[in-house]
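Below, each value reflects all heavy atoms present in this structure, side chains not excepted, and no hydrogens, waters or symmetry copies.
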Amino acid sequence: MIFRNPRGGLELGCNECGCRWFDRQTNTCYECGSAIPVEEIQAYQEALAQFHKEKGITVNAPQP
């Protein structure tokens, strides 16, 4: 699930328990261990890119 934190930023939450803490290497929730679906991560990245565009925020692409 994607939600806005109190400052308006987007955050990705676990669909199972609502936790916002993830192991980014395994894409699993720290609280309940549920896997975060690839589709959810992609939707979050798209929403975040749109949020940055709306706010005029420039983010450098990760370096390989």
Are there over 12 heavy-atom neighbours, none belonging to Glu31, within less than 6.0 Å of that residue's CD?
no
Spacing of Cys17 atom SG and Met1 atom CE [to the nearest 0.5 Å]
8.0 Å
State, with a plain yes or no, whether a side-chain heavy atom of Phe22 is found less than 4.5 Å away from one of Asn27.
no
Is the shortest heavy-atom distance from the side chain of Leu10 to the side chain of Arg4 under 4.5 Å?
yes
Starting from Ile36, can I reach Tyr30 by hopping between I/L/V/M/F/W/Y residues whose side chains sit under 4.5 Å apart?
no
Decide whether Leu48 and Phe3 are clustered together by the hydrophobic rule: side chain heavy atoms of Ile, Leu, Val, Met, Phe, Trp, Tyr closer than 4.5 Å, transitively.
no
Work out which heavy atom in Ile2 is nearest to a heavy atom in Ala47; give both atom names and the distance.
CD1-CB, 4.1 Å
Classify the side-chain pair Glu46/Gln42 by whether it contains a donor and acceptor separated by less than 3.5 Å.
no
